[in-house]
Amino acid sequence: MTRGERNNNPGNVRIVHGVTWVGQSDMQTDESFVQFKESAYGIRAIVRIMRAYKLEGLVTLSEVIDRWAPPNENNSEAYVTSVCTQCGLGPDDAVDFGAIMPQLVSAIIRHENGEMIYTPQQIADGIALA
C-alpha cells in the first residue's frame with residue numbers, strides 16, 4: 001500500500017501549518033502529508049488545488065505540475081511528460097482544467113502512487129465534493 005493510499009491522500013498533498021482541509025483526519029500520524037478520513041476528500045483536495053492554480057494564472061500542464069511537484073523535490077520533467085501523455089496534451093498547451101479534470105486527477109494519482117488505485121466513479125465522487 002502506498003503512502004498516498006494509506007493516508008487517503010492520493011495526490012500526496014503536503015501539510016501546511018494553519019490549513020485544515022475538509023475531511024482531514026483528526027489523527028495526523030504522518031508529519032509531512034495530510035491524512036484524510038476518506039479518499040474522496042484527498043481527491044477533492046487535488047481538485048481544489050488545481051482550481052487555485054488556475055485562479056493564480058497557471059494555464060499549462062507544465063506550469064501546474066512544476067508548482068504541484070517542484071523541480072527541487074521531484075523529476076518534474078518526467079512528471080509533466082507522464083501527465084501530458086495521459087491527458088493527451090502538450091506541456092505548453094493552454095488547458096481548460098475543468099474539461100480535463102478527471103484525466104488530470106487520474107494522471108496525478110497514477111504518478112504519485114505508481115498505479116491507478118481508484119475507479120472512475122471514485123474520481124468523479126471526489127471531484128463532485130470540490
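- Side chains of Met101 and Met50 form a contact here, defined as non-hydrogen atoms less than 4.5 Å apart.
- The shortest side-chain heavy-atom distance between Val105 and Ile43 falls under the 4.5 Å cut-off.
- Note on Trp68: it clusters hydrophobically with Val16, by side-chain heavy-atom contacts below 4.5 Å among ILVMFWY residues.
- For the pair Phe36 and Ala45, the tightest heavy-atom approach, listed with the atom from each and the gap, is CZ-CB, 3.7 Å.
- For the 3.5 Å distance criterion, the side chains of Glu112 and Tyr79 qualify, holding a donor opposite an acceptor.
- With sequence neighbours left out, Asp30 forms a salt bridge (Lys or Arg N to Asp or Glu O under 4.0 Å) with Arg3.
- Asn7 contributes atom CG, which lies 10.5 Å from atom CD of Gln24 (distance to the nearest 0.5 angstrom).
- Leu104 CG to Leu61 CG: the interatomic distance, rounded to the nearest 0.5 Å, is 6.0 Å.
- In this structure the side chain of Leu129 never reaches within 4.5 angstrom of the side chain of Val47, judged on heavy atoms.
- Within the 3.5 Å criterion, the main-chain N or O of Ala69 finds a donor-acceptor partner in the side chain of Ser76.
- Across all non-hydrogen atoms, the minimal contact from Gly90 to Cys84 is C-SG, 3.7 Å.
- Separation of atoms CZ (Phe33) and CD (Gln28) is listed at 12.0 Å; rounding is to 0.5 Å.
- Side chains of Gln86 and Ser82: a donor-acceptor N/O pair is present below 3.5 angstrom, by distance only.
- Applying the side chain to side chain donor-acceptor pair (under 3.5 Å) rule to pairs touching residues 36-55 yields nothing, sequence neighbours excluded.
- How far CG of Asn113 is from CD1 of Ile108: 11.0 Å, rounded to the nearest 0.5 Å.
- Here CG of Asn9 is found 7.5 Å from CD1 of Ile46. Values are rounded to the nearest 0.5 Å.
- For Glu73, the salt bridge (Lys or Arg N to Asp or Glu O under 4.0 Å) partners two or more places apart in sequence, or in a different chain, are Arg14.
- Put simply, the side chain of Trp21 does not reach to within 4.5 Å of the side chain of Ile15, judged on heavy atoms.
- How far CZ of Arg6 is from CG of Asn8: 11.0 Å, rounded to the nearest 0.5 Å.
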